[in-house]
Amino acid sequence: MPYSKDIDRKWQKRWEETKLYKFHPEKVDKKLYCLEMFSYPSGAKLHVGHWYNFGLSDSWARMKRMQGYEVFQPMGFDAFGLPAENYAIKTGIHPQDSTMKNIETMETQLREMGATFDWDYEVVTCSPEYYKWTQWLFLELYKTGLAYRKEAPVNWCPKCSTVLANEQVQDGKCERCDAEVTKRNLTQWFFKITNYAQELLDKLEGLDWPEKTKKIQTNWIGRSEGAEIEFKLESSDISFKVFTTRADTLLGVTYVVLAPENELVDRITTPEYKKAVEVYKEHVKKETEIERLSTTKEKTGVFTGAYAVHPITKERVQVWISDYVLASYGTGCVMAVPAHDERDFEFAQMFNLPIKRVIKGLKGVDDKLPFVDYGVLVDSEEFSGLTSEEARIKIVEKLAAGNMGELKINYRLRDWLVSRQRYWGAPIPIIHCESCGVVPVPERDLPVLLPYDVEFAPDGESPLKKSKEFMNTVCPTCGKPALRDPDTLDTFVCSSWYYLRYADNKNHEKAFDKEWINKLLPVDKYIGGAEHAAMHLLYARFITKALRDAGHLSFDEPFLSLVHQGTILGSDGEKMSKSKGNTVSPDEYIDEYGSDVFRCYLAFGFNYIEGGPWSDDGIKAMSRFVSRIEKIVDRLKELRDKQENKEMGAAEKELNYVRNLAIKYVTKDAEIFQFNTSVAKMMELINALYDYDNNVKDKNLELFEDSIADLIKLLAPFAPHFAEEMWEKLGYNDSIFNVEWPVWDEKALVKDTIEIAIQVNGKLKGRKEIPSTADDKAVEELVMADPEVKEYLEGKQVVKVIVIKNRLVNIVVK
RNA sequence: GCCGAAGUGGCGGAAUGGCAGACGCACAUGACUCAAAAUCAUGCGCCCUCAAAGCGUGUCGGUUCGAGUCCGACCUUCGGCACCA
């Protein structure tokens, strides 16, 4: 029977019956935790991206299984989130109903992929059994002081009177009604990830992660060393601090700038400037952060009428507000040094503020203003003549003596805002009591169930606030009537700990068993898209550390090794999307070719890490490859017992060489997710088998059979159903996945003679067969004695001869 | 604007500083066939009628006996973003 979807079904059924892929906890000492980022259950069927991520990760996991590891490869769904809620608003179908239905469809399709997921360990983040423990996690962070409340702005659409996600704001307008979006302050929950900024930075070094991802996290955390300097307001006891990395330029400060949102602004603005300041603040509320951070935009800002006193010169400097200063970074206040900062320079020119040079470039350096490099101080009182490096310390030392400044390390990383004014998420397990204040829900009362019957159409309030049954409760402390927190948790909270729950998903007593988790984790190989390089991966690392410090586990990092698969784009080179109409449905290909051919094609047609535009030009070749293997298996069965030749002649040696080469490089390349070259090496082996069959009459059948068996073993992770079928055809009863992964014989890779290249002055001039046993000196002699080489060297002087073993000889002549 | 990554045949893509183009696709030719498909075999970077020679990894320089690979500048494309003081 030629390979088809029917073979897929046959083996899927067999695997299920024999529980082939069941994880055995008792073999945890050989464990390998292979995890793919779980997916969001969207309405559409599995797309090529799922196959690319899950299918090929599964191939890697299967290889590891054959190599003797006890592979733990679970699967689940990140099921809360905005799309289901939006879909519900549009269609009236309840998020829970649509989500559960989508999960069912995706589970079926994932099973059809033939991946080795152990479904006994499935987690679904929107099920109460799961979010009970998400809520527990929140309470743990609350207990340890890592969850706190503060005011923070949200995107607000005045027309829909609703909070919008950044994604729902298009060019500053609401995606639904096109009204101009503004900002509104709400009291919201935060996780104190900044407590872990330094550890999150330090521990990156030991991780087997792509350098690019480490760089992204490093930049995201954004450590910078500088100083905090205090400025006092003129004739007032109000003061404020600025953060600067360039304390050496302090004497060049000619004005200071506050973020418009800074709470000081209202207190210091003088009556005559009040109106202008208010107008400007309203204007800034309508800007997105990206807009505020655009360098091409003209500088804007207004004077507050207030003056600050320079901490050293005691000169009075104007206090301005401008959108280029962010409330969320540093102290929300900036000292402006227009001579030595490009933004300040531009701003000063715009508003005619003074510019004072205090740094001169070293000799020969162009120090035209704005001069932003380090140099030597001038016009800086007793600091003149110091280098920038010296001055930035000395100046802070002097300030510190007067309690006016200190050295300080600042991080760009902000605390994680976890409150969402949404329905489809885990309710925040907090009760607000008039007499007791903020009261955590006692653990015994978890989960705080998300009510089903809720009006979640946007009308200005958190949807849960409108459910009386949900909101009204009693205070666990004093027993008086109290209200629940109406917000839900960011879905990133759900996904920041799911890899822990997988390990112990049926535990009703706790989120997970500490002892067990310490054995099965950390995750050995984590595979997912690069778009999660900053947020998800950082959040998960943070939660792991927070739980460690709370005593719930004892490892530092959740994911030891990380791989990002590339993105498969539409054939037009654009990201696949329904609206562009460039999506590719795997189902059609699977119906036509079978899932293994599709998987192999994904393995062969792309560089896994890079991805690329979809094209099905090569998929027929994969089908051909598979049928060539089936034919050689048939051929072998036909030949069996007919011939007897135990000789290892030249043809046999060549076949054995290609066979061992294939074993070596499939093993090495697949290990590092280089699946395209792995498949190429298998193709070379099948080509060699055909060559041998076509050209050698009296075959060494033992070698022929062993080579074919090895090829099928190598192929098994990539074409699991087909390989099982072939294995059975060869007469084996046990599953091929219980067979050991082949090991190459280094001796078989040593050839009698090798062809090396001959270069003269680096230019290729010819090739020559030489015995592989010859040492460098012998190789040089052989080459120099070659008549053609002699001809080349006629009348030239040989300067030196470079021999690169097994590769080439380069003769340098004059 | 800043940061990061990448530019290799008609196409997907290979190449520890050491013979560029593995393995495929497409194409061409041949065998088989009444014919086509399938299959098998051979060829296939550019220039050139052929051969030889030459030219070839975005562009220009550099390091090196030797550069797709390392260094510098530039161009283009794709990702990420934070005017980060």
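Hydrogens, waters and symmetry mates play no part in the numbers below; they use all other heavy atoms, side chains included. Chain naming here is simple, since letters A, B, ... match the order of the sequence lines and numbering starts at 1 in each.
When the side-chain nitrogen and oxygen atoms of A:K215 are compared with OP1 and OP2 of B:A5, one or more of them lie within a distance under 4.0 Å. When the side-chain nitrogen and oxygen atoms of A:T245 are compared with OP1 and OP2 of B:C84, none of them lie within a distance under 4.0 Å. Proximity of A:N694 to the phosphate of B:A41: a side-chain N or O atom is located under 4.0 Å from OP1 or OP2. Taking side-chain N and O atoms only, A:R624 has no distance below 4.0 Å to OP1 or OP2 of B:G24.
We find that CZ of A:R412 is positioned 6 Å from P of B:A82, with the value rounded to whole Å. The nearest whole Å value for the distance from the CZ atom in A:F625 to the C1' atom in B:A38 is 19 Å.
Side chains of A:Y411 and A:Q198: a donor-acceptor N/O pair is present below 3.5 angstrom, by distance only.
B:A52 and B:C46: their P atoms are spaced 16 Å apart (whole Å). Across B:A20 and B:C25, the matching P atoms stand 25 Å from one another, rounded to whole Å. B:U59 sits 27 Å from B:A53 when the C1' atoms are compared, rounded to a whole Å. With P as the reference atom, B:U16 and B:U76 are 30 Å apart, rounded to whole Å. Nucleotides B:C75 and B:G58 place their C1' atoms 7 Å apart, quoted to the nearest Å. Going from the P atom of B:A14 to that of B:G80 covers 22 Å, rounded to whole Å. B:C27 sits 15 Å from B:A36 when the P atoms are compared, rounded to a whole Å. Here, B:U57 and B:A15 have their C1' atoms 11 Å apart, quoted to the whole Å.
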Intermediate values then yes/no, ring pair (Phe, Tyr, Trp, His ring centres under 6.0 Å), A:Y280 and A:H283: CA-CA 5 Å; A:Y280 187 70; A:H283 160 75; 5.8 Å; yes
All N/O contacts under 3.5 Å from nucleotides 60-66 of chain B to the protein, with atom names and distances to one decimal?
| unit_1 | atom_1 | unit_2 | atom_2 | d |
| --- | --- | --- | --- | --- |
| B:C65 | O2' | A:N810 | ND2 | 3.4 |
| B:C65 | O2 | A:N810 | ND2 | 2.5 |

What are the atom names and distances for every N/O pair under 3.5 Å that joins the protein to nucleotides 9-14 of chain B?
| unit_1 | atom_1 | unit_2 | atom_2 | d |
| --- | --- | --- | --- | --- |
| B:G12 | O2' | A:G605 | O | 2.3 |
| B:G13 | OP1 | A:G611 | O | 3.4 |
| B:G13 | O3' | A:N676 | ND2 | 3.0 |
| B:A14 | OP1 | A:N607 | ND2 | 2.7 |
| B:A14 | OP1 | A:N676 | ND2 | 3.0 |

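Nucleotide B:G72 forms a Watson-Crick or G-U wobble pair with B:C60, both donor-acceptor distances falling under 3.5 Å. With a cut-off of 3.5 Å on both Watson-Crick or G-U wobble distances, the partner of B:C46 is given as B:G54. Across all strands shown, B:C2 forms a Watson-Crick or G-U wobble pair, both distances under 3.5 Å, with B:G80. B:A14: no Watson-Crick or G-U partner with both key distances under 3.5 Å is found in any strand. In a base pair of the Watson-Crick type (N1 to N3 plus N6-O4 or O6-N4) or a G-U wobble (N1-O2 and O6-N3), with each distance short of 3.5 Å, B:C19 is matched with no nucleotide.
Aromatic pair A:F673/A:F675: ring centres closer than 6.0 Å. The six-membered or imidazole ring of A:F542 lies away from that of A:W220, with a centre-to-centre distance of 6.0 Å or more. Taking the centre of each ring, A:F351 and A:W320 come in below the 6.0 Å mark.
Cation-pi contact between A:R628 and A:Y690: present, with separation from the ring centre below 6.0 Å and deviation from the ring axis of at most 45°. Figure legend: cation-pi geometry between A:K681 and A:Y665, with NZ or CZ positioned under 6.0 Å from the six-membered ring centre and within 45° of its axis. Relative to the six-membered ring of A:W51, A:R599 misses at least one condition, a distance below 6.0 Å or an angle of at most 45° to the axis. Cation-pi geometry between A:R541 and A:W416 is not met at under 6.0 angstrom from the ring centre and within 45 degrees of the axis.
Nucleic acid contact class of A:K631 (heavy atoms, under 4.0 Å, all strands): sugar-phosphate only.
Side-chain atoms of A:R807 stay outside donor-acceptor range of the base of B:C19, with no qualifying N/O pair under 3.5 Å.
Salt-bridge annotation for A:E346 and A:R343: absent, with no side-chain N of the basic residue lying under 4.0 Å from a carboxylate O of the acidic one.
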